[in-house]
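Here the structure comes first, spelled out in structure tokens, and everything after it is commentary.
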Number of protein chains: 2
Amino acid sequence: MTERAKIGFQDVRDVVLERIQNRVWSQGDLLPTEQELAEEFGCARATVNRALRELADRGIIDRKRKSGTRVAVSPVKQAKLEIVLTRQLVEDRNANYRYALVERKEETAPGWLASQLDLPMGAKVLHLRAMHYADNQPFQYEDRWINIAAVPKVVDADFTTVGPNEWLLGEVPFSNAELTFAAVPADDELSDYLACAKATPLFQMERTTWFRSQPVTFVRMSFHPGYQMRSQY
Amino acid sequence: MTERAKIGFQDVRDVVLERIQNRVWSQGDLLPTEQELAEEFGCARATVNRALRELADRGIIDRKRKSGTRVAVSPVKQAKLEIVLTRQLVEDRNANYRYALVERKEETAPGWLASQLDLPMGAKVLHLRAMHYADNQPFQYEDRWINIAAVPKVVDADFTTVGPNEWLLGEVPFSNAELTFAAVPADDELSDYLACAKATPLFQMERTTWFRSQPVTFVRMSFHPGYQMRSQY
DNA sequence: AATATCATTATGTCTATACATAAGAGGATA
DNA sequence: TATCCTCTTATGTATAGACATAATGATATT
């Protein structure tokens with residue numbers, strides 16, 4: 001028997017996506033209404049609604065009340081970039097992870113940092129410098145500032161065994177962040193810690209983190225020469 | 001009157017998120033069932049379901065049939081990285097965009113490319129090299145290979161006025177891709193085109209694109225010295 | 001003790017119905 | 001022509017009820 005199973009929202013979603021990919025509906029085209037699609041597929045409008053909502057979330061289609069649903073003109077491609085702990089990055093390569101604290105110092109936020117984190121004048125910060133190793137090879141140099149006002153308990157953490165990232169993940173697990181990526185030449189300090197020649201190109205990632213609009217931390221991570229970051233969409 | 005508006009799924013979502021952030025429910029904790037939450041909020045179970053589904057999509061909670069809903073132990077942080085056209089990157093900086101084709105050549109895929117794109121031996125590719133300028137300053141050098149079998153029409157496109165990225169977006173608007181980022185030293189060619197000293201650190205992004213499991217294109221984009229890429233989550 | 005069976009339970013999904021809301025279309029008015 | 005109004009329409013959301021499904025835990029069997 002060709003007794004076919006009932007149509008679910010995933011079926012609708014996939015068929016609609018396929019039609020868009022096959023140019024049955026081209027960029028900018030108006031799709032049938034939910035009602036019409038529901039009739040075509042023999043399902044409830046709510047089912048079509050969920051299917052189309054998912055496609056809209058993915059940026060495949062644009063929806064507007066009264067106007068209807070259109071195939072997105074310029075599909076907003078956005079890559080998902082998994083933010084993982086350095087420990088995990090290292091262990092994913094089947095390498096042995098080692099962490100070492102270089103320096104721990106309480107200080108007043110320098111001007112550039114106060115500006116970066118939007119801190120008041122004279123705000124207290126904890127400045128940490130640390131190294132991450134993969135099989136005892138330098139993997140990443142970490143330069144971090146933590147807003148003490150946002151995480152008062154940080155003054156009691158010594159960070160000799162647990163890295164600041166892991167510690168913060170436990171204290172402030174849900175936060176927003178802004179990232180920047182760049183290529184920079186190794187300066188004296190970086191070339192020293194990362195065991196490379198001066199001016200070697202290094203991949204650098206900076207991250208500013210907030211929790212409920214309050215600045216928490218700014219970190220600059222410099223990776224060993226040749227490091228590649230991966231992502232997909 | 002304290003006549004409060006009816007509870008919607010967004011309210012439920014936000015209240016649950018707030019409780020998680022406030023550690024009312026900590027990492028790994030079991031949340032009340034949908035039924036219980038629906039009773040608490042005075043709404044239908046479907047409403048709670050949608051609220052929790054959104055939080056699950058964001059990686060805030062984990063849900064499993066019969067077991068229930070738990071606060072995610074290691075919230076998967078993932079940054080959203082908008083993939084934009086080079087033209088847009090330039091114009092977003094209020095700079096004048098200019099594109100120039102450097103070379104266009106049909107060839108058989110070299111071994112490393114066949115391997116990268118998973119192409120059969122002797123597959124035909126179109127090799128393009130191009131420059132993107134911002135206010136007539138070198139902005140990005142683009143080195144691209146397109147799988148002719150996947151996009152036969154590409155042999156008729158001359159790419160003198162429209163860049164390959166924009167052209168492909170029109171032809172293959174929906175695709176998957178894998179990205180890698182790295183810092184590399186400028187070689188002779190890059191230092192020439194990007195007007196910088198040899199060995200200058202350059203931010204480089206590589207992208208491999210598929211459409212329905214068929215490899216479409218591989219591109220290596222090298223940015224001018226000092227370029228920063230931004231993202232957030 | 002190990003394995004198969006079955007009831008239970010929380011989530012996953014679908015449906016029909018209802019009402020809310022944004023926004024386009026047309027007409028009336030100034 | 002420009003502005004305001006109402007009507008209409010497609011999407012957005014809520015609901016009660018139903019059944020599906022995965023996973024757990026208990027029970028019975030080997």
Side-chain angles (χ1 to χ4, degrees), chain A residues 1 3-17 19-20 24-73 75-76, chain B residues 1 3-17 19-20 24-73 75-76:
Chain A
M1 299 298 184
E3 172 88 30
R4 81 180 49 189
K6 201 194 286 179
I7 296 292
F9 79 93
Q10 309 186 30
D11 303 307
V12 178
R13 192 230 295 131
D14 294 345
V15 170
V16 170
L17 178 57
R19 288 191 190 163
I20 290 174
V24 176
W25 298 311
S26 309
Q27 295 191 350
D29 281 4
L30 198 62
L31 268 63
T33 65
E34 294 186 345
Q35 188 56 54
E36 289 166 336
L37 286 171
E39 278 158 24
E40 181 196 336
F41 289 108
C43 64
R45 184 170 78 92
T47 305
V48 175
N49 181 275
R50 174 152 179 202
L52 295 186
R53 179 151 35 87
E54 287 207 359
L55 292 176
D57 286 345
R58 289 197 222 166
I60 309 285
I61 56 180
D62 290 323
R63 320 197 71 200
K64 233 166 62 181
R65 277 167 157 143
K66 164 76 181 174
S67 313
T69 303
R70 290 178 181 281
V71 180
V73 266
V76 179
Chain B
M1 304 291 186
E3 172 89 27
R4 79 180 51 189
K6 202 193 281 180
I7 295 293
F9 80 93
Q10 309 187 29
D11 304 307
V12 178
R13 193 230 295 132
D14 293 346
V15 170
V16 170
L17 178 58
R19 288 190 190 164
I20 291 174
V24 176
W25 298 312
S26 309
Q27 295 191 349
D29 282 4
L30 197 62
L31 268 62
T33 65
E34 294 186 345
Q35 188 56 56
E36 290 165 336
L37 286 171
E39 278 158 25
E40 181 197 337
F41 289 107
C43 64
R45 184 170 78 91
T47 305
V48 174
N49 180 276
R50 175 152 178 202
L52 296 186
R53 179 152 34 87
E54 287 206 0
L55 292 177
D57 286 345
R58 290 198 221 166
I60 309 285
I61 56 179
D62 290 323
R63 321 196 70 200
K64 232 165 65 182
R65 276 167 158 140
K66 164 74 182 177
S67 313
T69 303
R70 291 179 180 280
V71 180
V73 266
V76 179

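In what follows, chains carry the letters A, B, and so on, assigned in the order in which the sequence lines appear, proteins first and then strands, with residues in each chain numbered from 1.
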Do [X] and [Y] have side-chain heavy atoms sitting under 4.5 Å apart?
X: Arg63(A); Y: Asn49(A); value: yes
X: Ser26(B); Y: Val71(B); value: no
X: Val16(B); Y: Leu55(B); value: yes
X: Leu37(A); Y: Leu52(A); value: yes
X: Ile61(A); Y: Ile20(A); value: yes

Is any side-chain N or O of [X] closer than 4.0 Å to OP1 or OP2 of [N]?
X: Thr69(A); N: dA10(D); result: no
X: Arg65(B); N: dT21(D); result: no
X: Arg63(A); N: dG12(D); result: yes

message = Need to verify one output field. Residue with the more 5' nearest nucleotide on DNA chain C, Thr47(A) or Lys66(A)?
response =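 Closer to the 5' end of DNA chain C: Thr47(A).
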
key: Position toward the 5' end of DNA chain C (nearest nucleotide), Ser67(A) or Asn49(B)   =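 Its nucleotide being nearer the 5' end, the pick is Asn49(B).
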
query = First and last nucleotide of DNA chain C in contact with chain B, 5' to 3', at under 4.0 Å to a heavy atom: what are they?
reply =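 So the contact region on DNA chain C extends dT8(C) to dT13(C).
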
request  = Considering non-hydrogen atoms only, spot the tightest contact between Ala51(B) and Phe9(B) and give its length.
outcome  =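 It is CB-O, 3.4 Å.
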
Nearest heavy atoms of Asp11(B) and Gly8(B), plus distance in Å =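 Here Asp11(B) and Gly8(B) meet closest at OD2-N, 2.7 Å.
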
Over how many whole Å does the gap from [X] atom [atom1] to [N] atom [atom2] extend?
X: Arg53(B); N: dT13(D); atom1: CZ; atom2: P; value: 11 Å
X: Gln10(A); N: dA20(D); atom1: CD; atom2: P; value: 17 Å
X: Phe9(B); N: dG12(D); atom1: CZ; atom2: C1'; value: 8 Å
X: Lys6(A); N: dC19(D); atom1: NZ; atom2: C1'; value: 8 Å

task = Take Glu39(A) and Gln35(A) through the test side chain to side chain contact (heavy atoms under 4.5 Å, CB included) and record every step on the way to the result.
result = CA-CA 6 Å; Glu39(A) 278 158 24; Gln35(A) 188 56 54; 3.2 Å; yes

query = Considering only heavy atoms, which members of residues 25-45 of chain A lie under 4.0 Å from some atom of DNA chain D?
reply =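 DNA chain D contact set from residues 25-45 of chain A: Thr33(A), Glu34(A), Arg45(A).
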
key: 5'-most by nearest nucleotide on DNA chain D - Gly68(A) or Ala46(B)   =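 Counting from the 5' end, the first nearest nucleotide belongs to Gly68(A).
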
inquiry  = Using the rule given for side chain to side chain contact (heavy atoms under 4.5 Å, CB included), can you reason through Val15(A) versus Arg19(A), listing the C-alpha separation, both sets of side-chain angles and the distance that settles it, and then say yes or no?
reply    = CA-CA 6 Å; Val15(A) 170; Arg19(A) 288 191 190 163; 3.7 Å; yes

